[in-house]
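One structure is given below, encoded as structure tokens.
Naming: A, B, ... by sequence-line order, numbering from 1 per chain. Note: hydrogens, waters and symmetry copies are ignored here, and every other heavy atom, side chains too, is used.
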There are 2 protein chains.
Amino acid sequence: MADQHELRDKGLRLTPQRELVLQAVRELGHATPEEVAEKVRATHPGINLSTVYRNLETLENVGLVQHTHLGHGGATYHAAEELTHLHLVCGDCGSVGDAPIDVAANFVQNLADDYGFRTDVSHFAIYGTCAACVK
Amino acid sequence: MADQHELRDKGLRLTPQRELVLQAVRELGHATPEEVAEKVRATHPGINLSTVYRNLETLENVGLVQHTHLGHGGATYHAAEELTHLHLVCGDCGSVGDAPIDVAANFVQNLADDYGFRTDVSHFAIYGTCAACVK
DNA sequence: CGCTACTTGCGAACTACTTGCTTCTTGGAG
DNA sequence: CTCCAAGAAGCAAGTAGTTCGCAAGTAGCG
């Protein structure tokens with residue numbers, strides 16, 4: 001598995017727990033640490049919450065996962081491969097929709113041109129009201 | 001004061017503490033509940049943190065202040081009058097810059113057209129790297 | 001196969017925020 | 001001007017989410 005490479009290059013190991021955490025993130029799409037832990041417990045009940053937290057942090061350093069703020073305060077994790085969309089969080093119903101990252105391309109360009117600011121659009125959710133709740 | 005109106009219309013009161021909280025938010029531009037509390041304590045040392053939290057919530061319901069997520073998890077409050085800009089948070093140095101809301105106009109329009117999503121751009125910070133750190 | 005450094009599990013500690021309860025205060029009514 | 005009900009403040013305990021310390025376990029190089 002290529003993942004092993006990413007880890008070992010930094011002197012890290014691919015432990016069963018770590019593998020499970022990564023797999024859980026990939027399957028869940030986006031999930032809070034708590035949700036990841038729950039998922040992992042399905043196949044490995046003894047895993048500790050702090051292990052999940054540590055592994056998410058580790059995997060993030062290596063670049064295999066990334067976190068996003070969806071608003072409630074807690075971070076939400078993604079597999080790095082999926083980071084091609086941004087999140088539309090509805091303040092009314094709480095749903096989280098996706099949109100391809102290029103709807104923001106123009107916006108990102110504006111910020112780069114006018115402020116020299118290099119934007120990571122997917123890091124924060126976009127807050128508003130979804131189509132269903134607007135009605 | 002007009003504020004009194006906004007409050008009383010909803011059966012709420014204008015207490016010294018509430019006034020101070022509002023004033024602190026206005027003076028600070030944007031601040032975490034903790035920072036507001038600290039500011040208020042300068043002139044009213046006995047104020048309780050929970051009072052600040054409750055007042056921020058109350059003032060938000062009335063529409064005099066609004067909160068934004070800047071990322072660390074805690075909310076950040078603004079006076080409603082100042083909500084005409086969005087926040088550029090730098091992941092490297094942690095600085096928070098402002099940008100007029102119209103740089104996002106295009107982006108907002110895209111989301112509205114393609115997804116029927118009504119965006120509140122200022123609610124979440126825009127994450128990235130500021131000009132100074134890009135160098 | 002053995003060793004060493006990285007990891008895990010677990011409990012306790014922390015931080016940021018919330019809630020319950022009692023006492024005090026605001027502000028409209030009399 | 002005084003009274004009173006409802007709202008608000010203060011305090012303290014509670015909760016959620018996350019981190020830390022340390023002893024025991026284990027991946028993986030040699």
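Here the shortest heavy-atom pairing between A:L86 and A:A104 reads CD2-CB, 3.8 Å. Of all heavy-atom pairs between A:V103 and B:F107, the closest is O-CD1, 3.4 Å. Here the closest non-hydrogen pair linking B:L56 and B:V65 is O-CG2, 3.8 Å.
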Just the atom pairs and distances: protein N or O near nucleotides 4-6 of chain C's N or O, under 3.5 Å.
| unit_1 | atom_1 | unit_2 | atom_2 | d |
| --- | --- | --- | --- | --- |
| C:dA5 | N3 | A:R13 | NH2 | 2.4 |
| C:dC6 | O4' | A:R13 | NH2 | 3.2 |
| C:dC6 | O2 | A:R13 | NH1 | 2.8 |

Under 3.5 Å, N/O pairs linking protein and nucleotides 28-30 of chain C:
| unit_1 | atom_1 | unit_2 | atom_2 | d |
| --- | --- | --- | --- | --- |
| C:dG28 | OP1 | B:R8 | NE | 3.3 |

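Within residues 46-64 of chain A, the residues approaching DNA chain C are A:G46, A:I47, A:N48, A:S50, A:T51, A:R54, A:N55, by heavy-atom distance under 4.0 Å.
Of the residues listed (A:R18, A:E19, A:E60), the one engaging A:N55 in a side-chain hydrogen bond (donor to acceptor under 3.5 Å, both in side chains) is A:R18, and it is the only one.
Nearest-nucleotide mapping onto DNA chain C: of B:A75 and B:T15, the residue sitting toward the 5' end is B:A75. When the nearest nucleotides of DNA chain D are assigned to A:P33 and B:H44 by heavy-atom distance, the more 5′-ward of the two goes with B:H44.
Interface limits on DNA chain D: the 5'-most and 3'-most nucleotides within less than 4.0 Å of chain A heavy atoms are D:dG17 to D:dC29.
The overall bend of the helix from C:dC1-D:dG30 to C:dG30-D:dC1, read as the angle between its terminal helix axes built from five base pairs each, is 30° when rounded to 10 degrees.
Remark: the backbone N or O of A:Y127 is not paired with any side-chain donor or acceptor of B:D120 at under 3.5 angstrom. Under the 3.5 Å distance criterion, the side-chain polar atoms of A:E35 are matched with a main-chain donor or acceptor of A:T32. The backbone N or O of B:R54 lies less than 3.5 Å from a partner atom in the side chain of B:T58, making a donor-acceptor pair. The backbone N or O of A:L64 lies less than 3.5 Å from no partner atom in the side chain of A:E6, so there is not a single donor-acceptor pair.
Between A:H67 and A:Y77, the angle of the ring planes lies from 30° to 60°, which puts this pair in the tilted group. By the 30° and 60° cut-offs, the orientation of the rings of A:H87 relative to A:H30 is perpendicular.
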Q) Checking side chain to side chain donor-acceptor pair (under 3.5 Å) for the pair A:H78/A:T68: CA distance, chi angles, key distance, verdict? A) CA-CA 8 Å; A:H78 303 246; A:T68 300; 3.1 Å; yes

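For residues 94-106 of chain B, there are no side-chain hydrogen bond (donor to acceptor under 3.5 Å, both in side chains) pairs, not counting sequence neighbours.
Under the 6.0 Å cut-off for aromatic ring centres, A:H123 and A:H69 qualify, their centroids lying closer than that.
Atom CG in A:L20 sits 9.5 Å away from atom CD in A:E27 (nearest 0.5 Å).
Of the N and O atoms on the side chains of A:Q109 and A:D113, at least one donor lies less than 3.5 Å from an acceptor on the other residue.
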